[in-house]
Every structure is written in C-alpha cells, then in structure tokens.
Amino acid sequence: MWRKLLPWLLILLLIVILLPIIGSYHLLSWLQGDTFRERLSDTLANKAQASEVAIPENLHINDERLSLPAATLRRADILQQVTARRIVADITRGRLFHRELLINKLTVEDASVRLDTSALDAPLPPIRDIENGIWSRFIPERFILNNFECTDADIEFVRAGSSYSLTGCQITATPTTRGNMAEWQVTLENGRVHTPLRYLQTCSIKNATLLFNPRAIILSDCSFMLTPGEMRLKGSYLMRNREWYQELRVNKANVERLLNNDWRRHVSGELFGEAKFTGTGDNLHEARGTLSLQKGELEELPILSELTIADTRPYRTIALEKAECRFSFPYSNPAHNINRAWLFDRIDVRASEDTLRVRGHIIIGQDHSLRGTLTVGLRENTLSALSSIHPRFIDDLFTAQGEAGYRWVNINLSGTTDNPQEDLSARVRALLIAAVPEAAANTATGVTRTATGLLESLLSTPNQEKEQENSSSPDEETPSAPLPSASDILDIIF
C-alpha cells in the first residue's frame, strides 16, 4: 500500500514545492509587464491625486533590485511636476506576497521638481475606487521607504512670477522613525542657487537640514556660500495657517551684493548682519536686525569730477573705520502719519582716524517715502581751513549738539527712495552767499573756493591738511565750479 501511495506523495510534494516557484515566476513576469505598469501608473496617480503619472518603460526586477528608467508625476497644485530618471530600488521581495512594497533604499540619479505658488489652492481630483482584477490583488497596499538618495536634483520654485532655483543638489532623506513615513529628515548639499534677489543672485548651498511632517517644515540649519562670505539661515513654516519664521546671519559678505552697478565701482567692504522675520503667507509681520560694514572703502566718488580740485589723489580712496545700523519693521508714529514703515536707527558711521562721524535715523514708508535726520560731525581741526576764511559760516551751519571736539550739522531727509531730498543744500547756499559778499556782485570765485574748502575739510585727514597748507600759495586763484549739494555730501558719507 505504501508503495502505491509513495509516488503520489512525491508528486504532491513536488507540486507544493513548484507552485510557489511557478506563482512567483508568473507574479514577477506580470510585475514587469505592460499591464502592471499601466495599473501602477493609474494607482499612483490616484493615490497622489495627480493629473498624470507617466512611466514610459516597464519595471525591471533582478533578484531584490527593482529599476525603472524614468517616471514623471504632474499635479494641478503647487507641486506642478516631479521627474525622476534612472531609478533603482533595493526591496525585500518576500513582502510583495503580503501586498507590501518595502524599499530599503531608493536611489535616483537625476531628478527635477517644479513648484508654483500661483496654483497653491488649485483643486485636486478626488481619490477614486479602482476596479481590481485577479493579478491586481498583488498590487502593494502599503509602501515603506527607509532611505532616499538623489545625486543630482534640480528644484525650481516660482513665486509671483519670479523664479528661484536650486541646481545640482545632492539630497538624502530618511524617516525619523524607521518604517513610519509621517516625518522625514532631509539633507541638501552642494547646490547652486539662482534668484532674482540682488544679494542672492548667484551663490551655493553648502548644506541644509530640514524636518518635514504633515504639520510643519522646520529648517534647523542652512549654510549659503556667498563667495566671499557666508549666510546661515534657519526657520519654520506651519502648514495649517501658513505662518513662518526666519532667522539669518551674514558674515564677511561682499557689500557689492546690495549695490546697483553704478555704485559697485565706488563702495567696497565686508558686510555683517543678523535678522529675524515673522509672517503669514506673503505678508511680513515683523522684522528686526542689525547691519555693519567692515573694511569699508569709498573709491573715486562722482563728486570729485564735479568740483575743481588741483589734486584729487588724496580723496580717491576714503577708508571707513566703522559703519553700522539697526533696522526694524513695522514702525508707526500716528502723530507724524507714519504707519508700518521700515526704521533704520542707531546709525553710526566713522571715517578713518575718526575725522568724520554720522549718526541718526532713516524711515522708509510702504509707499517708498523717505524721512529722517542724519547728524554729521566733523573734527574741529579738520574745519580750521574753512574757519579761517568764514568763521561765521561754520557757527551758523554746525548748530547741532553732539560729542565735544566735533562740529555737528543736521541733514533732514524727505522725498522718496527713488528721488531723495534733503534740506542742507539750501542752507549751505544761503549761508555761503551771506558769508561771501562777492557773490552778491555775481563773483563766483569766493563761493567756489569756499565749496572746495568744504569738500577738502570733509575728506582730509589732519596730516593731509598740513601738507596742502604748505604746498599751496595764498594768492592762488581757484577756477569757478558748481556749488556742491548736500546730496553729494550724503554720497560721500555712504
């Protein structure tokens, strides 16, 4: 009897052994076929509420490695498009029979992402029920990713029609809890940044660490290389109410990043600063910070070409020992009709050897209106040449209070940031005409000599002043030239 049953038992055992093998073969064949690719595209699009998920070629499975040449996801909202190329996934194949796709590591060689805030609130298609076939029962119901790497990622972010991009970036992402994809820690390295912002038009990200979860995005640290200089940034963004916070610090950045092309030839130095910002969406609620310029120099200022000076070499480079200020927003003063303006105060500018000082505050309104007062101080010994010619002019012009050893004058600002105005020009002209009787008789020589003397007093050091006194002749005539305006003096100071 056992002899008769034994062959059948062996056949049954063989079937039991071969059935999983045959089933696995057919399952893997189906997973690498057109039907599964089409169903996978449809399922992913449905789950991601995307308008399309395009997978142009079939899946390739080699043991526990899954590869795909490319895939593209398109959505109608802020996440406009994601494209990944040369995708490789290391999987645990046995989990597929439990309808679970466990990816231990997902590597993407090349990826591009486009985000557009203009479509932030665009409606997405609802998740629909998909009809299942016999093989569709093997489509994974659960997806687990334990590690993600992209060696070359390009990210474009469009906001209010302006494009911000990050190119050539290396991205690594891991869930904070293994097997739970609700929260991710993401690291970015070595990406080039391009923005419409003058101070960040071209720079690079050295590294950045972010935390993503359904509630918030937290940037714990981000280092921008400004070449030269560095900017460090951290902040957070809350998904529910779109509130955000940013904190930044700038070290040894080139001040030329803040200047237009005309002034880049004239002003140089290292910029330092720190600031904190809060807001909601596109609205800024509050800003506070400080700025300082170190190793600052003013080169070949335009005012030198407007005045007749025998030798401009001593004034071609003006070194600044110190230049700093504090800024805040919003600043309001109902008594002066000021509402939610930018305030720059505690301004402190000092030239080398402390020959010139500037202090005061500037207010810039939301309509770009300009207000404020700058108080300029000159050391008394630098005004000696001008005092010997017109002592009353000095006493009548420098009437502000300040530190002993300096003569101080106020400059009141008005107009707009595009067309700044000040009140010093009119005062200087009136005092010069009163101090120089020849001006009343249409003789401009005295006015010109006084204007040139004022410029030289602003820019000369005491040693330069002595050299000029020894080298100049008292009977030398100075050719006529336009009277300098107070805006020229402001250009010298800043």
Side-chain angles (χ1 to χ4, degrees), residues 48 65-68 70-71 73 78-91 101-115 117 143-159 163-195 197 200 202-227 229-239 243-251 253 274 276-277:
R65 172 160 291 191
L66 179 152
S67 61
L68 194 64
L73 178 146
I78 184 173
L79 183 60
Q80 295 279 287
Q81 181 170 311
V82 178
T83 299
R85 288 169 285 271
R86 292 176 289 280
I87 307 164
V88 176
D90 294 329
I91 66 173
L101 179 58
L102 173 60
I103 300 179
N104 300 304
K105 184 177 181 179
L106 176 64
T107 303
V108 176
E109 188 173 325
D110 181 16
S112 61
V113 180
R114 176 181 168 83
L115 303 102
T117 59
F143 173 76
I144 300 174
L145 175 62
N146 287 326
N147 183 273
F148 170 82
E149 289 185 5
C150 180
T151 55
D152 186 3
D154 297 341
I155 302 173
E156 182 185 14
F157 178 75
V158 179
R159 177 180 177 272
S163 178
Y164 303 75
S165 65
L166 175 64
T167 60
C169 184
Q170 300 175 17
I171 301 177
T172 302
T174 55
T176 55
T177 303
R178 189 175 179 85
N180 183 357
M181 299 194 300
E183 186 173 74
W184 287 80
Q185 180 170 302
V186 180
T187 301
L188 292 78
E189 294 181 320
N190 305 324
R192 296 291 301 172
V193 177
H194 304 272
T195 79
L197 305 174
L200 282 180
T202 54
C203 63
S204 61
I205 286 184
K206 183 179 180 181
N207 55 68
T209 302
L210 304 94
L211 189 69
F212 285 90
N213 60 51
R215 301 178 302 279
I217 301 174
I218 300 172
L219 177 63
S220 58
D221 182 51
C222 180
S223 176
F224 289 90
M225 304 306 295
L226 303 179
T227 315
E230 180 186 30
M231 182 177 75
R232 301 193 75 92
L233 175 69
K234 63 181 181 179
S236 62
Y237 179 84
L238 302 181
M239 300 292 191
E243 288 185 359
W244 53 267
Y245 166 82
Q246 290 181 0
E247 183 176 332
L248 64 87
R249 183 185 300 270
V250 178
N251 293 309
E274 56 183 36
K276 296 180 180 180
F277 305 91

I want to check something: taking the side chain as every heavy atom from C-beta on, are V113 and L79 in contact at a cut-off of under 4.5 Å?
yes

Closest non-hydrogen contact found for A48 with L73 is CB-CD1, 3.9 Å

Supply the atom-to-atom distance N207 CG to C222 SG, rounded to the nearest 0.5 angstrom.
7.5 Å

Ignoring hydrogens and angles, tell me if any N or O in the side chain of D110 forms a donor-acceptor pair with the backbone of A153 under 3.5 Å.
no

To the nearest 0.5 Å, what is the distance between CZ on R232 and CZ on R249?
10.0 Å

For C203 and F224, the nearest pair of non-hydrogen atoms, with its separation, is SG-CD2, 3.8 Å

Please report the closest heavy-atom contact between T202 and H194, naming both atoms and the distance.
CG2-ND1, 4.1 Å

Are the side chains of E230 and S223 in touch, meaning some heavy atoms are under 4.5 Å apart?
yes

Run the side-chain contact (heavy atoms from CB on, under 4.5 Å) check on N146 and L102 step by step: do they pass?
CA-CA 8 Å; N146 287 326; L102 173 60; 3.7 Å; yes

Is the number of heavy atoms from other residues, nucleotides or ligands within 6.0 Å of CZ (R192) greater than 12?
yes

Distance col, row L145:CG vs R178:CZ, nearest 0.5 angstrom, shows 10.0 Å

In the structure I gave you, are the side-chain heavy atoms of T176 and N213 within less than 4.5 Å of one another anywhere?
no

Checking T209 side chain against S220 main chain: does a donor-acceptor pair fall under 3.5 Å?
no

Kindly give the heavy-atom pair with the smallest separation between L188 and I205, and that separation in Å.
O-CG2, 4.4 Å

Judged by modelled atom types alone, do E183 and T177 share a side-chain donor-acceptor pair under 3.5 Å?
no

Mark yes or no for whether T151, through its side chain, and E109, through its backbone, hold a donor-acceptor pair below 3.5 Å.
yes

Side chain to side chain contact (heavy atoms under 4.5 Å, CB included) filter on A89, not counting sequence neighbours, yields L66, I91, I103, L106

Residues forming a side-chain hydrogen bond (donor to acceptor under 3.5 Å, both in side chains) with Q81, sequence neighbours excluded:
R74, T83

To check you understand the geometry: which heavy-atom pair defines the closest contact between A111 and R85, and what is its length?
C-NH2, 4.3 Å

For the atom pair CG (D221) and OG1 (T187), what is the distance rounded to the nearest 0.5 Å?
10.5 Å

Gap separating the CD atom of E247 from the NZ atom of K276, nearest 0.5 angstrom
4.5 Å

As a quick check of understanding, evaluate side-chain contact (heavy atoms from CB on, under 4.5 Å) for W244 and I217, giving each step before the final call.
CA-CA 9 Å; W244 53 267; I217 301 174; over 6 Å; no

Side chains of F148 and V186: does their closest heavy-atom pair fall under 4.5 Å?
no

Under 3.5 Å, side chain of T117 to main-chain N/O of V158, donor-acceptor pair present?
yes

With rounding to the nearest 0.5 Å, note down the distance linking OH in Y164 to CG in L200.
9.5 Å

Minimum-distance pair of heavy atoms, taken over all atoms of G168 and D154:
N-OD1, 3.0 Å

